[in-house]
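Order of the sequence lines sets the chain letters (A, B, ...), proteins ahead of strands, with each chain counted from 1.
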Amino acid sequence: MSNEINSSNFIKNIIINDLETGKHQEIITRFPPEPNGYLHVGHAKSICLNFGLGSEFKGKTNLRFDDTNPIKEDTEYVESIKEDVKWLGFEWDELHFASNYFDQMYDSALLLIKKGLAYVCDLTPEEMREYRGTLTEPGKPSPYRDRSAEENLDLIERMKKGEFKDGEKVLRAKIDMSSSNINMRDPIIYRISHAVHHNTGDAWCIYPMYDFAHPIEDAIEGITHSICTLEFEDHRPLYDWIVRECEMKCAPRQIEFARLNMTNTVMSKRKLKQLVDEAVVDGWDDPRMPTVAGLRRRGYTPEAIRKFCSEIGVSKADSTVDSQMLDFFLREDLQPKAPLAMAVLRPLKVVITNYPEGQTEMIEVENNAKDEEQGTRLVPFGREVYIEQEDFMEEPVKKYFRLFPGNEVRLKGAYFIKCNEVIKDADGHVIEIHCTYDPETKSGSGFTARKVKATIHWVDASAAVPAEFRLYDPLILDDAPENEGKHFLEQINPNSMEIIKGYIEPTAFKDAKPLDKFQFVRHGFFTVDTKYTCDDHLVFNRIVPLKSSFKL
RNA sequence: AGGGUUAUCGCCAAGCGGUAAGGCACAGGAUUUUGAUUCCUGCAUUCGAAGGUUCGAAUCCUUCUAGCCCUGCCA
């Protein structure tokens with residue numbers, strides 16, 4: 001996936017400089033997710049950034065699982081992450097697990113102890129908090145801060161052997177309890193956790209903390225540019241301290257950028273997990289989820305997501321990208337690809353009274369107006385068709401130029417029809433309309449004597465295939481002021497999914513497979529769902545509606 | 001004695017002392033067998049504010065203001 005990041009950004013400039021000054025001959029980046037959930041579109045930004053930089057500068061990019069906290073991690077997540085990265089179109093040079101470096105990390109911890117730069121601390125979490133100080137007051141040294149290297153070596157060994165319970169002891173780096181940067185106030189670098197790890201099983205009962213593990217992971221892999229999000233800016237001094245004091249051969253450079261925020265989108269792994277755990281959604285791949293798996297099932301394409309990530313840019317300014325931008329790149333990508341087909345979501349029966357009963361003819365329709373190579377197909381047409389309810393108005397409003405009594409419109413690919421009669425049920429609802437057609441107006445015949453101001457889509461009533469259409473709205477209405485302060489589960493839009501039973505023309509879908517994309521005239525872009533699909537009853541997810549639908 | 005960081009159009013975002021790119025959104029107009037698409041056109045005398053340096057400042061200096069992050073044995 002080369003040159004999709006074309007625009008300039010500050011990280012690129014740093015890399016160019018590092019290459020030009022000879023600091024590096026080759027750059028190596030990495031994407032380091034913790035396997036504690038599925039990837040979402042925010043991760044896609046990081047993936048595109050890291051892999052994009054790697055390929056643009058002909059360097060390397062690793063996929064590394066930052067699995068240092070066994071209680072939150074699972075192999076289900078590592079598998080899904082691998083799949084999603086591949087689906088997005090990227091290939092990693094090396095695949096690693098932080099947990100495979102546990103031995104080296106432990107050795108580094110021993111080194112720190114020997115250098116007098118780490119100590120075992122017996123403070124309870126509450127005491128620890130107290131000793132840490134506050135944002136405006138310095139911390140005070142732990143009473144265990146001056147234990148001898150010998151004693152610390154003995155204690156860490158016994159911690160490793162499992163002689164202590166969870167939380168009883170920790171290993172801390174000895175840095176500066178009065179630092180204005182709280183991360184430097186003797187941060188914990190190892191904690192005890194008697195938990196089974198998805199990769200190392202029960203081999204370990206002490207696990208390194210992120211601040212200690214991450215720089216070591218990067219350094220071991222020779223990462224030149226360690227790209228992370230803004231909230232780690234305060235951690236950089238600690239990152240550099242660890243690399244230096246652990247005497248790593250390679251000194252990766254941490255660079256922070258602003259994480260992706262998008263309007264109407266929940267971009268928090270924790271909240272997304274909650275939606276799954278509390279069964280608010282169908283699973284991580286629910287089409288309403290902003291997860292990569294959800295977007296895929298909804299019908300988004302890797303190309304559109306990549307283009308989006310490259311166009312939104314990379315900076316350090318907190319920002320919220322308008323989700324309309326993603327929609328735009330989706331339409332742009334799908335427009336020439338997805339064949340145009342006819343589907344009627346809310347059917348209204350039209351009887352063409354002067355069309356011979358029992359007669360059927362095949363109408364030739366182009367598959368994609370933008371791409372002639374996609375050819376044409378034959379669609380059955382007969383005396384009774386379904387049109388969209390909104391394409392008929394008994395009493396037309398101003399500027400309405402679709403069907404109404406006395407008006408003539410074209411049925412796409414077929415004939416002009418004129419509405420003569422409106423049939424209603426006992427309650428006065430329109431249930432059927434009667435029209436006449438003009439045989440001379442057949443599509444392609446060159447008829448020019450009269451013009452119509454509208455063309456509407458239709459499906460043949462006897463040949464139409466029932467189908468289900470799922471329309472989606474954002475799960476969360478984060479723009480609504482009345483939602484402010486509410487627990488996020490109470491902000492869930494109860495109408496985030498609308499299920500509509502309608503009809504599709506039979507022809508275009510004979511060989512439809514899950515994830516095939518279609519453009520339904522006037523309704524937008526749809527994909528065949530990966531579930532709930534059987535031979536004669538397809539379920540379509542609406543990926544994105546047309547830019548602006550018919551506003552009256 | 002808190003520290004870090006950000007601020008360019010409604011939303012993203014280039015710009016790095018030589019006189020404000022681009023995209024999204026929006027608004028007009030043209031074409032259209034779907035009011036979509038496509039196609040033109042318009043859209044920051046101004047860069048958070050105020051001073052200063054300079055022939056020249058979004059870019060340099062000073063002060064101020066606002067937002068975001070940091071007090072997990074999470075990452």
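Residues of residues 337-348 of chain A that place a heavy atom closer than 4.0 Å to RNA chain B do not occur.
For A:Thr320, the side chain to side chain donor-acceptor pair (under 3.5 Å) criterion is met by no residue, not counting sequence neighbours. Residues meeting the salt bridge (Lys or Arg N to Asp or Glu O under 4.0 Å) test with A:Arg185, sequence neighbours left out: none. For A:Tyr101, the side chain to side chain donor-acceptor pair (under 3.5 Å) partners at least two apart in sequence or on another chain are A:His96, A:Glu221. A search for side-chain contact (heavy atoms from CB on, under 4.5 Å) contacts involving A:Gln374 returns A:Pro339, A:Asn367, A:Asn368, A:Asp371, not counting sequence neighbours. With sequence neighbours left out, A:Phe10 forms a ring pair (Phe, Tyr, Trp, His ring centres under 6.0 Å) with no residue at all. Qualifying side-chain contact (heavy atoms from CB on, under 4.5 Å) partners for A:Met159, counting only residues two or more places apart in sequence or in other chains: A:Val120, A:Ile156, A:Phe164, A:Lys169, A:Ile192, A:Ile206. Looking at residues two or more places apart in sequence or on another chain, you find no salt bridge (Lys or Arg N to Asp or Glu O under 4.0 Å) involving A:Asp176. With sequence neighbours left out, A:Thr75 forms a side-chain contact (heavy atoms from CB on, under 4.5 Å) with A:His198.
When heavy atoms are screened at a 4.0 angstrom cut-off, A:Ser315 is found touching the sugar-phosphate backbone but no base atom. Nucleic acid contact for A:Ser443: base, since at least one base atom lies under 4.0 Å from a heavy atom of the residue. Backbone-only engagement by A:Thr320 is indicated by non-hydrogen atom pairs under 4.0 Å involving sugar-phosphate atoms exclusively. A:Val314 comes within 4.0 angstrom of sugar-phosphate atoms only, judged by non-hydrogen atoms across all strands, and of no base. Residue-level contact check: A:Tyr190 touches neither bases nor backbone, having no heavy atom under 4.0 Å from any strand. Residue A:Gly139 is classed as having no contact, given no heavy-atom separation below 4.0 Å to the nucleic acid.
Residue order along RNA chain B, read from the 5' end via each residue's closest nucleotide, puts A:Ser319 first among A:Trp458 and A:Ser319.
In B:G72 the base sits syn relative to the sugar, since the glycosidic angle is no further than 90° from 0.
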- Task: Do nucleotides 16-25 of chain B as a string where each nucleotide becomes B, S or -: B if the base has a protein heavy atom under 4.0 Å, S if just the sugar-phosphate does, - if no protein is that close.
- Result: B------BSS
- Task: Go along nucleotides 1-6 of chain B 5' to 3' and tag each nucleotide: B for a protein heavy atom under 4.0 Å from its base, S when only backbone or sugar atoms are that close, - otherwise.
- Result: -BBSSS
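Here the side chains of A:Gln254 and A:Glu256 are in contact, with some heavy-atom distance below 4.5 Å. Two residues are said to be in side-chain contact when any heavy atoms from C-beta on lie closer than 4.5 Å; A:Val321 and A:Phe308 meet this criterion. Using a 4.5 Å cut-off on side-chain heavy atoms (C-beta onward), A:Asn36 and A:Lys269 make contact.
Judged by the 6.0 Å and 45° rule, A:Lys160 forms a cation-pi pair with A:Trp204.
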- Item | side chain to side chain donor-acceptor pair (under 3.5 Å) between A:Tyr119 and A:Asp186, worked out | CA-CA 9 Å; A:Tyr119 61 97; A:Asp186 289 10; 2.6 Å; yes
Restricting to nitrogen or oxygen on both sides, can you table the protein-nucleotides 72-75 of chain B pairs closer than 3.5 Å?
from, atom 1, to, atom 2, distance (Å)
B:G72, OP2, A:Arg132, NH2, 2.8
B:C73, OP2, A:Arg132, NH1, 3.1
B:C73, N3, A:Gly167, O, 3.1
B:C73, N4, A:Leu123, O, 2.9
B:C73, N4, A:Gly167, O, 2.8
B:C74, OP2, A:Arg191, NE, 3.3
B:C74, OP2, A:Arg191, NH2, 3.2
B:C74, O3', A:Arg191, NH2, 3.1
B:C74, O2', A:Asn69, ND2, 3.1
B:C74, O2', A:Lys72, NZ, 3.2
B:A75, OP1, A:Thr68, OG1, 2.8
B:A75, OP1, A:Arg191, NH1, 3.2
B:A75, OP1, A:Arg191, NH2, 2.8
B:A75, OP2, A:Tyr210, N, 3.0
B:A75, O3', A:Asp66, OD2, 2.8

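Across the C1' atoms, B:U59 and B:G52 are found 15 Å apart, a figure rounded to whole Å.
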